[in-house]
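Small disclaimer: the values here were computed from a predicted structure and weren't measured. Atoms within a ligand are numbered from 1 in the order they appear, just like the ligands themselves.
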Amino acid sequence: MQLKRIGILTGGGDCPGLNAVIRSIAKPAMNFFNVKVVGVLDGFEGLVEGRMRELTPADVTGILNVGGTILGTSNKGDPFHYPIEGPTGIRTIDASEQALENYRNWKLDVLFAIGGDGTMHISHKFSQMGMNIIGIPKTIDNDLDATDITFGHDSARAVATEAVDRLQTTASSHHRVMVVETMGRYAGWIALGAGVAGGADIILIPEIPFHWEKIYKAVLQRSKGAKFSIICVAEGAKPADGEIVVKEMDKKRTDPVRLGGVGELVGQKISEETGLETRVTVLGHVQRGGSPTPYDRILGTRFGTTALHTASNGQFGVMVSLQRRDVVPVPIIDAIGKLRLVSRDAQLIIAARSVGTSFGD
Ligand code: F6P
């Protein structure tokens, strides 16, 4: 297909590697395909409101290693449930036709939607409405199905691992229990990866509900030997007899639940029940900021260039995906059926248990 104008949008929470993907679509499009590239600003919000601008070669130069997204992003503008602030509070309307009209007015041949689960759901609906759309899987949580890994995850895991390493030396010096809370709403990949890489003694993830007594027992045992413990807890982890810890509900968000606080709870309970001196560190958005790792720059570049070639082949309604060694297009619908969660019998869980890590179960 002879592409003339293409659009790029980044949706949902930002993460390292977004600019690498933007660059890898825009550079070949401008240099080899002679195609105009339009940036949609602030995710789907910008598509609904018609906030877009044509990108120049200067816009996409020098951004490969830069964190965030030059286009801006939002996790609040689902066009199918578009939030409107009124006198009676927030209500939602269907603004999808308006978004489609903007896509048509800008004469886009294809829209590249870079995002996570929420972005892929929205992209699938637009694809059904006739928009030429190609998804590119992003999220630090790595919870998108139909790809072996999303870009952004490796960078977040590297930040979390460095934090665990740093906490270990201070934990050991003071003979303390150190709790580190990572992101990870429904999937515990960051906590698991950083926990294994950093040698955490206890890893708590959403997929394996934990028992308080098991945690107390593990830290008390460690206090007699190594005299310190590191606990890596994902924000979505919960006790078997309790609920996830919610920080806030925000109706404007595509996913209204804002998590956070389980690390503090774990620290408080350990200190109260065992008497051991405990400190809590919440990594938060540090995991989403800064420069992408080499792995994410490379994966992002492969995703972006494959997406552009897929569009020039006239194939739409797909998401580019890493399948073992190759990046290939798969139907977007395959990516939104279910989340990619850590399975209890995953090799990494077994490996962690084998070196003595507790999952509090
Ligand atoms: O989905 C990615 C993610 O970073 C989650 O791990 C986290 O729960 C959420 O986004 C935080 O969203 P916000 O940036 O809106 O606080």
(Q) Applying ring pair (Phe, Tyr, Trp, His ring centres under 6.0 Å), can you list everything that pairs with F359, at least two apart in sequence or on another chain? (A) none
Closest protein heavy atom (residue, atom, distance) for [atom]:
atom                    : value
atom 7 (C) of ligand 1  : E235 OE2, 3.2 Å
atom 16 (O) of ligand 1 : H285 NE2, 3.3 Å
atom 1 (O) of ligand 1  : D141 OD2, 3.6 Å
atom 11 (C) of ligand 1 : R288 NH1, 3.5 Å

Donor + acceptor pair across side chains of [X], [Y] (<3.5 Å):
X    : Y    : result
S271 : T278 : no
S24  : R302 : no
Q268 : E272 : yes

Q.
Please determine whether any non-hydrogen atom of L259 lies less than 4.0 Å from an atom of ligand 1.
A.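 The answer is no, since L259 has no heavy atom less than 4.0 Å from ligand 1.
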Q.
Heavy-atom contact check, 4.0 Å cutoff: does G184 meet ligand 1?
A.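 A heavy atom of G184 does come that close to ligand 1.
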Q: Check each atom of ligand 1 against the heavy atoms of R253 and keep those under 4.0 Å away; list them by number with element.
A: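 Numbered from 1, ligand 1 contributes 12 (O), 13 (P), 15 (O), 16 (O).
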(Q) Regarding ligand 1, does R185 bring an N or O atom to under 3.5 Å of one of the ligand's N or O atoms? (A) yes
Hey, can you pull the donor-acceptor pairs under 3.5 Å for the side chains in residues 345-353, sequence neighbours left out?
from: D345; atom 1: OD1; to: S343; atom 2: OG; distance (Å): 2.5
from: R353; atom 1: NH1; to: D361; atom 2: OD1; distance (Å): 3.0
from: R353; atom 1: NH2; to: D361; atom 2: OD2; distance (Å): 2.9

**Q.** CZ-CD distance between R279 and E277, expressed to the nearest 0.5 angstrom
**A.** 4.5 Å
